[in-house]
2 protein chains.
Amino acid sequence: MPTERRLARIREVLARRQPDLTVVMDNVHKPHNLAAIARTCDAVGVLEVHAICREGPVSLSRKVAMGTHKWVPVRSHRSVAEAYAALRGAGFAILAADLSADARDYREVDYTRPTAIVVGAELDGISEEASRGADGRIVIPLHGMAASLNVSVATAVILYEALRQREAAGLYDAPRLDPALHQRLLVEWAYP
Amino acid sequence: MPTERRLARIREVLARRQPDLTVVMDNVHKPHNLAAIARTCDAVGVLEVHAICREGPVSLSRKVAMGTHKWVPVRSHRSVAEAYAALRGAGFAILAADLSADARDYREVDYTRPTAIVVGAELDGISEEASRGADGRIVIPLHGMAASLNVSVATAVILYEALRQREAAGLYDAPRLDPALHQRLLVEWAYP
Ligand SMILES: C[S@@+](CC[C@H](N)C(=O)[O-])C[C@H]1O[C@@H](n2cnc3c(N)ncnc32)[C@H](O)[C@@H]1O
Ligand SMILES: C[S@@+](CC[C@H](N)C(=O)[O-])C[C@H]1O[C@@H](n2cnc3c(N)ncnc32)[C@H](O)[C@@H]1O
């Protein structure tokens, strides 16, 4: 049985979940990156993350099972097209975090709208398909010699800008999940 | 021989280096965290990072030798006292990124002043000595179930707030290194 304190904490966290903010991992496979991304997603209130995982979902869920996976489930998709269709169907704007020339500064974007942020893998970056298929591209300024940031770092920098905007807009102040989902997650999290 | 393009790039990067912004790693040892932190430091223009490394400097430098170490040297210290004395001697305010109750929101701090940000290890966090000995404690808001962020993620979130403030204050617009140091680093970076 969960303690009263534990139940109260779960309720508080669920009351701050942001069902309209998510991350899409395009071929991100390194376990420590997946774990760091899931943890940051949890911290900013992302409800679930998406993974484009051409080899199928099995290995991914095993790898993510390092900690935070329970609080931030990973939804796997077999292709960019499948992932983007699902997200667009749910009303998300899709923004690719990409080091391309036509990317906008990540701070110029309005993250209070339903937003999915796509990030890519260490060596290959984001796939051409995922970048071009997005509604826009965003970039974090780099003033140094290295050509990019670590993927979990880049994800966090963007998510904390989203959090800043969402705090200012009051999106953490009142529950955003529908009551049925809130209730289902409360039971799931409290009685594992 | 470096190409003209390479030399121009090195000059540009040196012209944006921030000699009065740094990170102190208190017992951070995991190579992928060290590498991610060094890379973010490079990206925001940190000139060198500090490591409190009670077992001595050797293993650290070997571990960091994964990439960005060349652009962001690591200065090792045997104790918190030694590190803090060196930083205070150089005019830095020391801010511990710590999940303690009396920490201020990290966005309330003025990072345009000479600032050293202290971060701790995955399991133990920042040492009591490093936290209490700092000039202040700062915390990144967490709205989820997990009790903390990954250390390289936390470092990046704070450094990009510092970058935001420093961009607004014009600190990336004109060279900040003294000419002799600029020249020395130019030679070091261009002719490895
Ligand atoms: C290590 S980077 C990939 C580098 C890859 N060689 C490339 O050229 O794209 C891994 C992922 O992190 C994200 N990322 C890293 N640095 C970024 C930045 N400065 N702006 C936006 N996204 C970034 C992108 O999603 C990228 O695909
Ligand atoms: C994984 S955390 C350490 C957790 C450790 N169990 C504790 O209680 O301190 C590693 C380091 O990242 C930094 N950090 C992580 N999350 C943070 C947050 N929300 N605010 C400030 N610093 C944070 C701190 O420097 C911390 O020592």
Side-chain angles (χ1 to χ4, degrees), chain A residues 6 9-10 12-18 21 30-33 35-47 66-72 105-107 122 140-161 163-164 166-168 171-172 185 189, chain B residues 6 9-10 12-18 21 30-33 35-47 66-72 105-107 122 140-161 163-164 166-168 171-172 185 189:
Chain A
R6 178 89 180 155
R9 171 141 178 67
I10 292 177
E12 236 174 72
V13 167
L14 287 173
R16 298 212 200 93
R17 276 305 196 239
Q18 306 287 309
L21 179 64
K30 287 193 186 165
H32 60 84
N33 284 334
I37 291 172
R39 196 161 154 195
T40 309
C41 283
D42 171 63
V44 305
V46 166
L47 189 64
M66 291 181 70
T68 337
H69 67 297
K70 187 179 158 191
W71 321 119
V72 186
D105 188 301
Y106 78 107
R107 295 163 294 187
E122 188 58 33
I140 302 163
L142 301 171
H143 294 309
M145 293 298 289
S148 64
L149 298 167
N150 166 278
V151 61
S152 66
V153 160
T155 308
V157 168
I158 297 167
L159 284 177
Y160 267 91
E161 169 64 16
L163 174 142
R164 194 187 65 72
R166 282 173 175 250
E167 279 186 355
L171 294 184
Y172 291 96
L185 290 174
W189 290 10
Chain B
R6 178 90 180 155
R9 172 143 177 67
I10 292 177
E12 236 174 71
V13 167
L14 287 173
R16 298 212 200 93
R17 277 303 196 240
Q18 307 286 309
L21 179 65
K30 288 193 187 165
H32 60 84
N33 284 333
I37 291 173
R39 195 160 156 196
T40 310
C41 283
D42 171 63
V44 305
V46 165
L47 188 65
M66 291 180 69
T68 337
H69 67 297
K70 187 179 157 191
W71 320 119
V72 186
D105 187 301
Y106 78 107
R107 295 162 294 187
E122 188 58 32
I140 302 163
L142 302 170
H143 293 310
M145 293 299 288
S148 65
L149 298 167
N150 165 279
V151 61
S152 65
V153 160
T155 307
V157 169
I158 297 167
L159 284 177
Y160 268 90
E161 169 64 16
L163 174 143
R164 195 188 64 72
R166 284 173 175 251
E167 278 186 355
L171 294 185
Y172 291 95
L185 289 174
W189 290 11

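All of these numbers come straight from a predicted model, not from anything done at the bench. Both backbone and side-chain heavy atoms feed into the values below; hydrogens, waters and symmetry mates do not.
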List the steps, then state whether side-chain contact (heavy atoms from CB on, under 4.5 Å) holds for A:Leu149 with B:Tyr160.
CA-CA 12 Å; A:Leu149 298 167; B:Tyr160 268 90; 3.7 Å; yes
What heavy-atom pair brings B:Leu163 and A:Pro141 nearest, and what distance separates the two atoms?
CD2-CG, 4.1 Å
Taking the side chain from B:Asn150 and the backbone from A:Ala36, do they hold a donor-acceptor pair closer than 3.5 Å?
no
By a 4.5 Å heavy-atom criterion (distance strictly below it), what part of A:Arg164 contacts chain B: side chain, backbone, both, or neither?
both
Please report the closest heavy-atom contact between A:Val153 and B:Ser152, naming both atoms and the distance.
CG2-O, 3.8 Å
Hey, can you tell me if A:His32 and B:His32 have their rings parallel, tilted or perpendicular (30° and 60° cut-offs)?
parallel
Closest non-hydrogen atom pair, A:Ala146 against B:Arg9
O-NH2, 4.3 Å
List the steps and the verdict of salt bridge (Lys or Arg N to Asp or Glu O under 4.0 Å) for B:Glu161 and A:Arg107.
CA-CA 11 Å; B:Glu161 169 64 16; A:Arg107 295 163 294 187; over 6 Å; no
To the nearest 0.5 Å, how far apart are NE2 in B:His143 and CD in A:Glu12?
11.0 Å
Quick one, B:Met145 with A:Trp189, criterion side-chain contact (heavy atoms from CB on, under 4.5 Å). Give me CA distance, side-chain angles, the key distance, then yes/no.
CA-CA 10 Å; B:Met145 293 299 288; A:Trp189 290 10; 3.8 Å; yes
Quick one: what part of B:Ile10 sits under 4.5 Å from any heavy atom of chain A, side chain, backbone, both or neither?
both
Side chain / backbone / both / neither for A:Ser148 at chain B, heavy atoms under 4.5 Å:
both
Is A:Glu167 close to chain B through its backbone or its side chain, or both, or neither, when contacts mean heavy atoms under 4.5 Å?
side chain
Which pair of non-hydrogen atoms, one from A:Gly144 and one from B:Val13, has the smallest distance, and what is that distance?
O-CG2, 3.5 Å
